[in-house]
Chemist: 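Before we start, here is the structure in question, set down as structure tokens.
Order of appearance sets the numbers: ligands from 1, and atoms from 1 within every ligand.
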Amino acid sequence: DDKGVTVLGLGAMGSALAGAFLAAGRPVTVWNRTPGKEAALVAAGAATTGTAEAALAANRLVVVCLQDHRSVHEVLDPVGDALAGRVLVNLTTGTPEQARELDAWARERGAEHLDGGIMAVPPMIGTPGAFVLYSGARGVFDAHRATLDALGGSRFAGADPGAASLQDLALLSGMYGMFGGALQAFALIRSAGGSATEFAPVLREWLGSMSDFVTGSAEQIDTGDYGTGVDATLAMQAASYVHLVEVAESQGVGTELLLPLAGLMDRRVADGHGHEDITSVIELLVGRRSL
Ligand code: NDP
């Protein structure tokens, strides 16, 4: 049955994926290394198998969501022959290199392959807020998109099998920058005995309006022009950033999250770019490794 989906891996995310396919009316077969995690899915109508090989035999479309690249190979290596004619959609987080490796490995075994990056936490799967990035052969994506859309919005990131992973990790890099910034902000509030709950709405409002930075800086990055129409020069920002470090120190709050950016801004100012926007710091980040 071409409408069916096999899901390998029933951790928090794999279970959510299988549940979303079921909710969309797809026949689902699930397998997990450790038995017991399939009970709720079986109650909701999923089939289960005792082996990964039997699960692979059940459907042409096979979605894999395991801990890491290594666990994907631990599950698939022994059953490589069963992959011929299958469409392997790997939604396990990994690096672009790992995605390319798995792509070549799957093709050698006669399987088609898409690599994906899930941009959601498990409760969001199947809701409009979730999206999944996919990369690999466009035709394979188009052929299975209707099924994959059950997970959330499906977005094609590129033909390079590593493209979805690169975008996924770029988005997470942005997210962790925000997490680090929010933690530093809350730490300052707490150091003065303040309530994080009371402060949260204003922090959220501020981060929301400051997220416009992404649009303006992208244009500067693509044109390489960091110096036109700058409202807040790097020299000004580097000078005022010193206060972030000083207040942390005087409040007994750690400065580990702050110092790396201070170092980069200062270096860029010292190199004569103080009149430019903070975006110009990117010149110190890219191109460290010769490709
Ligand atoms: P969990 O820790 O909940 O589940 C891990 C899964 O991997 C389990 O099914 C586990 O099986 C299996 N596993 C681990 N090692 C092996 C192995 N050697 N052989 C076979 N199976 C193995 O993780 P999640 O479900 O949360 O995450 C799964 C993937 O989804 C990860 O790559 C994660 O980065 C990604 N992801 C998760 C998000 C989240 O918010 N949770 C968000 C976006 C992506 P067993 O039950 O037998 O231990």
Chemist: Are the side chain of S195 and the backbone N or O of E198 linked by a donor-acceptor pair below 3.5 Å?
Modeler: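 Checked: pair present.
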Chemist: For the residue pair E283 and H273, confirm or rule out a side-chain donor-acceptor distance under 3.5 Å.
Modeler: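 Absent: no donor and acceptor within the cut-off.
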Chemist: Return the protein residues near ligand 1 (heavy atom under 4.0 Å from any of its atoms), ordered by chain and residue number.
Modeler: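 Contacting ligand 1 under 4.0 Å are G9, L10, G11, A12, M13, G14, N32, R33, T34, K37, C65, L66, Q67, S71, E74, V75, T92, T93, I118, A120, V121, P122.
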Chemist: The criterion is ring pair (Phe, Tyr, Trp, His ring centres under 6.0 Å); which residues satisfy it with F179, sequence neighbours excluded?
Modeler: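 Only Y176 meet the ring pair (Phe, Tyr, Trp, His ring centres under 6.0 Å) criterion with F179.
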Chemist: Share the residues that join L166 in a hydrophobic cluster, the rule being Ile, Leu, Val, Met, Phe, Trp or Tyr side chains under 4.5 Å apart at the heavy-atom level.
Modeler: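 None; L166 is a cluster of one.
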Chemist: Would you say the side chain of V230 lies within less than 4.5 Å of the side chain of H275, judging by non-hydrogen atoms?
Modeler: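 Side-chain contact under 4.5 Å: no.
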Chemist: Output a table of donor-acceptor pairs, distance under 3.5 Å, between side-chain atoms of residues 108-137 and any protein atom two or more places apart or on a different chain; print 'none' if there are none.
Modeler:
| unit_1 | atom_1 | unit_2 | atom_2 | d |
| --- | --- | --- | --- | --- |
| R109 | NH1 | W105 | O | 2.9 |
| E112 | OE1 | R60 | NH2 | 3.3 |
| H113 | ND1 | D103 | OD1 | 2.9 |
| H113 | NE2 | D115 | OD1 | 3.4 |
| D115 | OD1 | N90 | ND2 | 3.2 |
| T127 | OG1 | M124 | O | 2.5 |
| S135 | OG | D160 | O | 3.4 |
| S135 | OG | P161 | O | 2.8 |
| S135 | OG | A164 | N | 2.9 |

